[in-house]
Amino acid sequence: MHQSTRITGLTGGGSDGWDVFLKARRMIADGIAVTELTIGEHDIRTAAPILQKMHAAAMSGHTGYAAVPGTDTLRDTVAARVQARTGVPTTRNNVVITPGGQAALFAAHMAACDPGDTALYIDPYYATYPGTLRGVGAIPQAIKTHAAEAFQPRAEELRAHSRNASSLLINTPNNPTGVVYSDATLSMIAETCQSDDLWLISDEVYDTQVWEGRHLSPRALPGMAERTLVVGSMSKSHAMTGSRCGWIVGPEAVIANLITLATHTTYGVPGYIQDASDFALKQGAAFEAEIAAPFQRRRALAKQVIARQNTVGLVPAQGAMYLMLDIRATGMTGEAFAYDLLETHHIAVMPGESFGTSAAGHIRVAMTIEDRAFEQALSKLCTHAEKRAA
Ligand code: PMP
């Protein structure tokens, strides 16, 4: 049977750079102890009080169809949180609850792009982005960035493509680079979106993980609230990756249509998950800081390890749960280095090439294992790089 080209062409074909990850998983299945620094998931599980709330909500009967836009309570809580952080007036009518940030990214592009429209995204990028854009029938167009500029997009490279595009997708704090966009970068992006009439889709799922500088939501910049769709999620901020709860914040008219989209696709998010998410958000910033703390600690450890040698460079690690390491001094590609490290030391990292072309010669390290083991793995990685460079 014929399958739609929309679905068969989702990944764009060719190697997606995830072979090293799959090889590591095969080694683990074969009983080999592999230190995995690959996937962006906490080494802790969802906190017990959140699960107790989830259980209580389910037991009290919140197991039927939940309100498709999200419960009023959760939408109000998300709106209040966004307003408190950004100063932008936000009500529940600016919020739709989605099954995670991933579904929010898809829905936001459904709202922003017609089939055949050009949808911009910044390279290096979170691996699913181009497929999500193709999924709505848009034509993905990557905007290259440069390691020497900490992968912050350049005005001229953005403007070379923005005139004919419908949307621009950005992510700060950034996966895979760990970079936080500067106020100047965000102003440039906002000006470009306004001059070339683009939707800005702002993926802010790492907004509670900022170690240096500040997270500025571009929706708060002048003239941006009416053209920005902010993607948020419980996954990273509250260690609730498996609960699949996220949202889009945007103009009321778009949210109304996104609710119609939800009616025809997901039919909402389970009520007990929404109640648990509401409870989790109401634990406030101190709880979010607790969830983020291990990554902040490991980043500090990593800076010490990296300062002891000259072969491996660290892209400014300002936020999120990742480090982007420059291994070009070894003369190897990120992919070759990642394979070599996996085979020699059973340490799995992601090649920069898995995230586009801009991070070639780099590797991404997820700070998602216990501190001592993390520090030891990183030391081994640096020593290995020094040997290869010699
Ligand atoms: N955006 C980015 C940048 C991510 O790294 C992820 C998860 N790895 C997501 C969105 C989606 O997360 P979720 O669907 O769990 O909210």
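Just follow the structure's listing: the first ligand is 1, and inside any ligand the first atom is 1.
At the top of the distance list for atom 1 (N) of ligand 1, counting protein heavy atoms only, stands Asp203 OD2, 2.5 Å. Closest protein heavy atom to atom 8 (N) of ligand 1: Lys236 NZ, 2.9 Å. From the protein, the heavy atom lying nearest to atom 15 (O) of ligand 1 is Ser235 OG, 2.6 Å. Scanning the protein heavy atoms around atom 9 (C) of ligand 1, the nearest turns out to be Tyr126 CE2, 3.5 Å.
An N or O contact shorter than 3.5 Å is missing between Leu105 and ligand 1 by distance. Residue Asn175 places at least one N or O, backbone or side chain, under 3.5 Å from an N or O of ligand 1. The shortest N or O to N or O distance between Thr241 and ligand 1 is not under 3.5 Å.
The existence of a salt bridge linking Arg298 and Asp371 is confirmed by a sub-4.0 Å separation between a basic side-chain nitrogen and an acidic carboxylate oxygen. A salt bridge links Asp183 with Arg214: the distance from a Lys NZ or Arg NE/NH1/NH2 to an Asp or Glu carboxylate oxygen falls below 4.0 Å.
The option with the heavy atom closest to atom 5 (O) of ligand 1, from among Phe106, Tyr206, Trp247, is Tyr206.
Side chain to side chain, Asp340 and Thr344 meet the donor-acceptor criterion of an N or O pair below 3.5 Å. No side-chain donor from either of Arg364 and Ser354 sits under 3.5 Å from a side-chain acceptor of the other. In summary, the side chains of Thr118 and Gln141 do not present any donor paired with an acceptor at a separation below 3.5 Å, with no hydrogens or angles considered. Between the side chains of His146 and Glu157, at least one donor N or O lies within less than 3.5 Å of an accepting N or O.
At a 4.0 Å cut-off, at least one heavy atom of Arg244 sits close enough to ligand 1 to count as contact.
Atoms of ligand 1 found under 4.0 Å from any heavy atom of Ser233, numbered from 1 in the order shown, are 13 (P), 16 (O). Atoms of ligand 1 found under 4.0 Å from any heavy atom of Gln102, numbered from 1 in the order shown, are 11 (C), 13 (P), 14 (O).
Contact annotation: for Met234 versus ligand 1, there are no heavy atoms closer than 4.0 Å.
His215 pairs with exactly one of Glu204, Gln318, Gln209 by the side-chain hydrogen bond (donor to acceptor under 3.5 Å, both in side chains) rule, that one being Glu204.
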